[in-house]
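Below is one structure, written out as structure tokens; comments come after it.
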Amino acid sequence: MFKDLSLTKKVVLLLSVPLAGQIATIGGLTYLQDQAVKEAKQATRAKKVATAVSDLSNELFHMMAANNGEQALKTGYVSTGEVLVGLKRAIEAFEQLKQLTADNEKEHREVLAAEHYLHRAYNLFVAIRKNWDSTGISGYRQRAPLWRELEAMAATDIFSVLRTIGREEKALAERSPQIQDDFRNRANILLVVGGLFSVVSTVTIALLLIQQVVSRLKTMLDNTYRLASNRPLNQPLEGSDEIAKLDNTFHDMAQALHHAARKERAIIEYAQDMICSIDEDGQFIKVNPAAKALLGSSPRELKGQMAIDFIQPEQISRALDFFHKVQSKEPVRALEVQMIKADNTLVDTLWSAYWSEEERVLFCVVHDMTQRRQAERMKEEVVAMVNHDMRSPLTTLQVSLTLLQTGRYGKLSPEGILLLERGARGCQKLLNLTSDLLDMERLEQGGLELSLESTMIDDIIRGAAESVGGLAHTQQVMLDLRYCNLKIMADVHRLEQVLTNLLTNAVKFSPKGGRVIVDARALPADGLAQIRISDQGPGVPANMREAIFDRFSQVQGAGTKMKGSAGLGLAICKALVELHGGKIWVESEEGQGSRFNFTVPLA
């Protein structure tokens, strides 16, 4: 049951034992002190009572002796006046004696009885004096019985009572010092016993607290060392107090850490990328198994070797600069570098790293980019092929078709003219596609540079409208151009390409008889101009408003259909607008048209 108590309750319960002992000791000492004081008071009272009894007895004895008994009755010498005065003093003394014996019922009753006899003696003396005054010596026989009664009363009633009280009080006064010494001895014994109990209980409590707190805390401290050294923990502590709960929590935490570490090890061991740690001297400390596939060397073979030795010599300076910036916490892009495998072949890698100042270790993730680089090289070859092997023949074909359409080489039948027009449109589409592919490639590679100049936005809107005018006429869509007389900073050719592309899409998706509105406004607070193209088409679904600006993405949904586009136009528009330092977005509600917006800097 004690183990189930909380630590606070245990401490309170253990501390209550010596506290209870001290309270009991203090209570016992207080009681003995009170008894000693009470005994001292009783001894003082007894002395006073004994003294009063002694004084009263002496007074009565001297008074009776002074009158010489019956001889005084025969000779006529009876000093009744002195006796009466003595009796009065005795009566007054009895008043004091009654007060002193008020707390002793037995003695008080005896004093009251003696007082009664004293009053009777007083009355006898009054009767004797009256007889003497009226008869003189001749009244001897009348006075004698009264005097004998008086003597008997004094000897047996008054003096016996006083002697009894005097003896008892004297004996009490004589016993009092011994009783007081006994109380003091008891107090000393109680003080020693209470002190010993406090010491023993304190030592016992200290041992229990050591067992319940210190030793268990040592167990928890040992568990921390065991956890740090990856050794099994001690058995969980018994009980349900705070320390036991903390120990159980520590075991749960250790188990969670163990599971997390196991998962991390599994991730590191089975990762496709090489994960390694490098010390400040540039040597491999730990390497995961992926190094075997990447460099052809096992983690054991790589451990202790210089990381820089595996980097292609011409790229070492760039790698060292990267490591220096990482260690200096400077912002740096991932490092693309070629590494030398065990068979002396090269592998393209991408390095990302983090420097731990506390451990003085560089943690790195090395990704194999060989396949990606091969794919990029193939793409470059495809782009080159498109640019040289497709674009040039298509241009030649377009020129040939144009010449045939002029009739310079003879007239064609209506069917021939129709086929020629279809061929020309197909050739133009292929040329547009190859142009878009080439533009997209140059934008991705950062090879497209803008020729910025201050120009009127109305001129760009007018030029784009002229390019799309034929399509708008064919589609029976009206272009509503709202000029605004704003001057912007832009590449005229590229911005006109953006606006032409957006206008073309707006016309394609607008219904016959529809209207496409082009307007612009200044945003002076941002230093930008906003151009908006609004159509009355089917709109863009909410889940497509971001995706339509991705490559090869087109609006899919009710009310829309393929319009012969490859899905590169909006991606190119986005790249060109961002290259100008602006942004592009669409506002739309399905079935209620779309509003394409983009911004460019004001001049």
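In this text the structure is predicted, and so the values were computed from the model without any measurement.
Looking only at distances, a side-chain donor or acceptor of Asp458 sits under 3.5 Å from a matching main-chain atom of Asn485. When atom types are taken as modelled, the side chain of Asp348 and the backbone of Met369 share no donor-acceptor pair closer than 3.5 angstrom. Of the possible polar contacts, none joining the Asp247 side chain to the Met220 backbone as a donor-acceptor pair under 3.5 Å is found. No donor-acceptor pair under 3.5 Å is formed between the side chain of Gln475 and the backbone N or O of Ala472. Judged by distance alone, the side chain of Asn223 and the main-chain N or O of His251 form no donor-acceptor pair under 3.5 Å. At least one donor-acceptor pair under 3.5 Å links the side chain of Asp535 to the backbone N or O of Ser594. Lys325 places no side-chain N or O within 3.5 Å of a backbone atom of Leu320 that could act as its donor or acceptor partner. A donor-acceptor pair under 3.5 Å is formed between the side chain of Thr500 and the backbone N or O of Glu496. Here the side chain of His580 pairs a donor or acceptor atom with the backbone of Asp491 at under 3.5 angstrom. With Gln536 contributing its side chain and Gln592 its backbone, the two residues share no donor-acceptor pair below 3.5 Å.
The number of heavy atoms from other shown groups lying within 6.0 Å of CD (Gln235) does not exceed 12. Within a 6.0 Å sphere centred on CD of Glu330, other residues, nucleotides and ligands contribute more than 12 heavy atoms.
The minimum heavy-atom distance linking Tyr354 with Lys329 is given by the pair CE1-NZ, 3.6 Å. In terms of heavy-atom proximity, Leu237 sits nearest to Asn248 at O-OD1, 4.5 Å. Of all non-hydrogen atoms in Ile460 and Val492, the two that sit nearest each other are CG1-CG1, 4.3 Å. Contact detail for Leu602 and Ala529: the closest heavy-atom pair is CD2-CB, 3.7 Å. Between Ser510 and Val516, the shortest heavy-atom contact is OG-CG2, 3.6 Å. When all heavy atoms are compared, the tightest approach of Pro299 to Asn288 is CG-O, 3.6 Å.
One finds the CE atom of Met456 at 10.0 Å from the CD1 atom of Ile461 (value rounded to the nearest 0.5 Å). In this structure, CD on Glu578 lies 11.0 Å from NZ on Lys583, to the nearest 0.5 angstrom. To the nearest 0.5 Å, the span separating OG on Ser277 from CZ on Phe363 amounts to 6.0 Å. Taken from CG in Asp273 to CD1 in Ile275, the straight-line distance is 7.0 Å, to the nearest 0.5 Å. In this structure, Asp222 CG and Leu227 CG are separated by 11.0 Å, a value rounded to the nearest 0.5 Å. Interatomic distance, Ile278 CD1 to Met306 CE, rounded to the nearest 0.5 Å: 9.0 Å.
Using a 4.5 Å cut-off on side-chain heavy atoms (C-beta onward), Asp279 and Phe284 make no contact. Side-chain contact between Trp355 and Glu280: present, with at least one pair of heavy atoms (C-beta onward) separated by less than 4.5 Å. Side-chain contact between Gln305 and Phe310 is present, with at least one heavy-atom pair separated by less than 4.5 Å. Arg300 has its side chain out of reach of Val287: every pair of non-hydrogen atoms, C-beta onward, lies at least 4.5 Å apart. At a threshold of 4.5 Å between non-hydrogen side-chain atoms, the residues Cys484 and Asp519 do not count as touching. Contact check for Met489 versus Glu453: no side-chain heavy atoms found under the 4.5 Å cut-off. Residues Met274 and Leu295 are in side-chain contact: their nearest non-hydrogen atoms beyond the backbone lie under 4.5 Å apart. Val347 places a side-chain heavy atom less than 4.5 Å from the side chain of Thr349.
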What's the verdict on side-chain contact (heavy atoms from CB on, under 4.5 Å) for His367 and Trp351, showing C-alpha distance, side-chain angles and the deciding distance? CA-CA 7 Å; His367 178 65; Trp351 286 63; over 6 Å; no

Evaluation steps, side-chain contact (heavy atoms from CB on, under 4.5 Å), between Asn597 and Ile584: CA-CA 6 Å; Asn597 302 266; Ile584 187 170; over 6 Å; no

Set out, in order, the CA-CA distance, both residues' side-chain angles and the distance that settles side-chain contact (heavy atoms from CB on, under 4.5 Å) for Val477 and Arg515, then state yes or no. CA-CA 6 Å; Val477 174; Arg515 179 191 298 263; over 6 Å; no

Determine, stepwise, if the pair Arg360 / Gln327 fulfils side-chain contact (heavy atoms from CB on, under 4.5 Å). CA-CA 9 Å; Arg360 308 293 297 175; Gln327 189 171 357; 4.0 Å; yes

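When each of Leu528, Leu495, Leu576 is paired with Phe598, the side chain to side chain contact (heavy atoms under 4.5 Å, CB included) condition holds for Leu495 and for no other. Applying the side chain to side chain contact (heavy atoms under 4.5 Å, CB included) test between Met339 and each of Thr345, Leu346, Val366 identifies Val366 as the sole match. Of the options Asn501, Leu502, Ile517, Leu479, a side chain to side chain contact (heavy atoms under 4.5 Å, CB included) to Ile533 is made by Leu502 and by none of the others.
With respect to the salt-bridge test (charged N to carboxylate O, under 4.0 angstrom), the residues Asp321 and Arg318 do not qualify. Salt-bridge formation is detected for the pair Arg482/Asp480: a Lys NZ or Arg NE/NH1/NH2 atom is positioned less than 4.0 Å from an Asp or Glu carboxylate oxygen.
Among residues two or more places apart in sequence or in another chain, the side chain to side chain donor-acceptor pair (under 3.5 Å) test is passed with Gln312 by Glu314. Under the side chain to side chain donor-acceptor pair (under 3.5 Å) criterion, Asp281 pairs with no residue at all, not counting sequence neighbours.
Annotation: cation-pi pair Arg532/Phe596 absent, no NZ/CZ under 6.0 Å from the ring centroid and within 45° of its normal.
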